[in-house]
Amino acid sequence: FLFSSRRWHTRFRHVTAVQTCALPIFVEAKPRSVTLKLRGPARHLLRAHGGVSLTLRGLVIDGDGQAIEDDETVAGLVRVNGRDTSADLEACEIRGSSRAGVGISNDAHARLTSCRIHACDVGVCSLDARLSAGNNRVSNCANNGVLVWRSTQARDQSVVNNNEISGIDNKKIGTGEYGNGVGIFRATDVRIEGNRISACRFSAVRVNGGSRAQVSGNTCRDIREVAIFIEAPGAGLNTENVVVSNNIVDGAGIGISAVNAGMFRDGITRGAVVTGNQVSNLRINAINDGGYQPPQTIGAGIIAEIEAS
């Protein structure tokens with residue numbers, strides 16, 4: 001089934017799979033009146049690529065827990081990929097994806113506004129693309145909330161602001177790769193601002209190799225490990241000049257950490273500025289996940305290594 005340019009399809013309640021043609025597409029429905037539901041294993045339910053411009057408003061996009069048969073990192077129920085491809089999702093509900101709710105890649109641009117994304121493996125995953133995510137609700141995801149990644153360290157400029165992110169688990173276990181509200185990896189110049197993030201198994205915000213990130217004005221509650229973690233755990237991948245300012249942390253294993261000084265095959269985190277933050281209710285939390293050592297947090301407020309202020 002193929003959407004064609006500027007046509008309305010509100011009479012279609014269920015489709016097997018959808019991909020777009022190379023023309024601008026606009027699909028709008030009264031909120032929650034139209035459901036696109038995946039009925040069996042597929043690579044995706046909706047895909048925009050090849051320079052298309054796609055706008056979706058008010059749709060329910062339901063993966064129904066079906067297998068997303070795609071080995072790509074950004075595999076998702078909704079896929080946006082390719083240079084000059086853009087997607088604008090507003091007031092949509094995206095749920096039940098066995099991979100990402102929305103996956104963006106290969107220089108595409110996606111804007112998500114006032115969407116509800118829940119019961120997915122990952123809420124939103126952007127790889128080598130640009131994401132603008134504002135005023136969304138991301139909840140009850142199995143492994144991560146919002147990811148902004150790059151294949152190699154490069155300028156990204158994505159913005160994740162004013163979202164509510166909660167209930168992020170780490171079903172795949174790991175030592176910090178999973179269980180994060182917002183995760184930045186190799187993507188530089190990203191802004192994470194004004195989000196309300198709670199109940200994450202690892203971090204509310206985790207920045208690895210994301211130089212010049214701005215982590216400002218976020219409220220982080222009930223975080224098992226480090227609420228805001230600025231790190232460079234991989235050799236040759238440094239994290240520089242991150243600003244962590246005016247955040248509130250209420251309940252975490254550690255409040256704010258800007259660490260890694262080039263020892264033990266780590267990279268270096270340098271030039272971090274940590275200022276104006278309020279940190280409270282820190283506690284020693286047991287973390288019995290395999291490979292995590294020592295198996296508990298230390299209840300510290302702020303930890304900073306090399307060249308931090």
Side-chain angles (χ1 to χ4, degrees), residues 71-75 100 103-106 121-122 124-131 143-158 160 168 170-192 200-215 223-244 252-274 287 289-295 297-298 300 302-308:
D71 293 332
E72 292 188 47
T73 300
V74 290
I104 311 123
S105 63
N106 300 331
D121 183 68
V122 176
V124 181
C125 182
S126 174
L127 175 66
D128 299 328
R130 187 170 178 183
L131 169 67
N143 283 295
N144 280 301
V146 178
L147 298 177
V148 180
W149 287 8
R150 288 268 160 180
S151 299
T152 59
Q153 195 171 41
R155 192 177 188 187
D156 187 284
Q157 295 186 291
S158 290
V160 182
I168 307 302
N170 66 322
K171 295 294 188 185
K172 294 181 180 177
I173 311 300
T175 57
E177 309 95 308
Y178 311 107
N180 303 302
V182 179
I184 310 302
F185 181 49
R186 299 195 189 109
T188 71
D189 304 277
V190 177
R191 290 161 44 201
I192 306 108
C200 297
R201 294 286 284 174
F202 267 82
S203 293
V205 178
R206 198 175 196 100
V207 178
N208 177 354
S211 295
R212 297 178 299 280
Q214 298 179 53
V215 184
I223 307 301
R224 187 178 65 150
E225 199 215 23
V226 182
I228 299 175
F229 204 163
I230 313 303
E231 62 173 350
L237 182 62
N238 298 331
T239 302
E240 300 178 340
N241 304 324
V242 174
V243 175
V244 181
I254 296 172
I256 299 170
S257 183
V259 298
N260 294 126
M263 302 172 66
F264 312 110
R265 299 182 181 177
D266 291 335
I268 298 172
T269 294
R270 59 162 63 94
V273 175
V274 181
I287 300 180
D289 302 346
Y292 190 92
Q293 293 294 330
T297 63
I298 61 174
I302 298 175
I303 300 174
E305 293 182 357
I306 189 167
E307 298 179 27

[X]: what forms a side chain to side chain donor-acceptor pair (under 3.5 Å) with it, not counting sequence neighbours?
{"X": "D289", "result": "N170, R224"}
{"X": "S158", "result": "D156"}
{"X": "K172", "result": "none"}
{"X": "E305", "result": "none"}

Atom CG in D128, atom CZ in R186: separation rounded to 0.5 Å? 9.0 Å
Taken to the nearest 0.5 Å, the spacing of D266 CG from L237 CG works out to 10.5 Å
Give the minimum heavy-atom separation between [X] and [Y], together with the two atoms involved.
{"X": "A129", "Y": "I104", "result": "CB-CG2, 3.5 Å"}
{"X": "A204", "Y": "C200", "result": "CA-SG, 4.4 Å"}
{"X": "G179", "Y": "I168", "result": "C-CG2, 3.8 Å"}

Can you tell me if [X] uses its side chain to pair, donor with acceptor, with the backbone of [Y] under 3.5 Å?
{"X": "N238", "Y": "I268", "result": "yes"}
{"X": "R212", "Y": "T239", "result": "no"}
{"X": "T188", "Y": "A154", "result": "yes"}
{"X": "N143", "Y": "K171", "result": "yes"}

Do T269 and V259 have side chains that get closer than 4.5 Å, going by heavy atoms? no
So do the side chains of N241 and S211 get within less than 4.5 Å of each other, counting heavy atoms only? no
Results of salt bridge (charged side-chain N to carboxylate O under 4.0 Å, His left out) for R191 - residues two or more places apart only: E193
Partners of R206 by salt bridge (charged side-chain N to carboxylate O under 4.0 Å, His left out), sequence neighbours excluded? E225, E231
Pick from V242, I256, V274: which one makes a side chain to side chain contact (heavy atoms under 4.5 Å, CB included) with I230? V242
Does the pair E177 and T175 meet the rule for a side-chain contact (heavy atoms from CB on, under 4.5 Å), with working shown? CA-CA 6 Å; E177 309 95 308; T175 57; 3.6 Å; yes
In chain order, what residues pass the side-chain contact (heavy atoms from CB on, under 4.5 Å) check against [X], with sequence neighbours excluded?
{"X": "I184", "result": "V148, V182, A187, V190, I192, V207"}
{"X": "A75", "result": "I68, D70, R99"}
{"X": "Q157", "result": "R130, R155, D189"}
{"X": "A252", "result": "I223, A227, V249, L282"}

ring-ring contact (aromatic ring centres under 6.0 Å, His included) against F185, all qualifying residues, sequence neighbours excluded: W149
Residues that F202 engages under ring-ring contact (aromatic ring centres under 6.0 Å, His included), provided they are two or more places apart: Y292
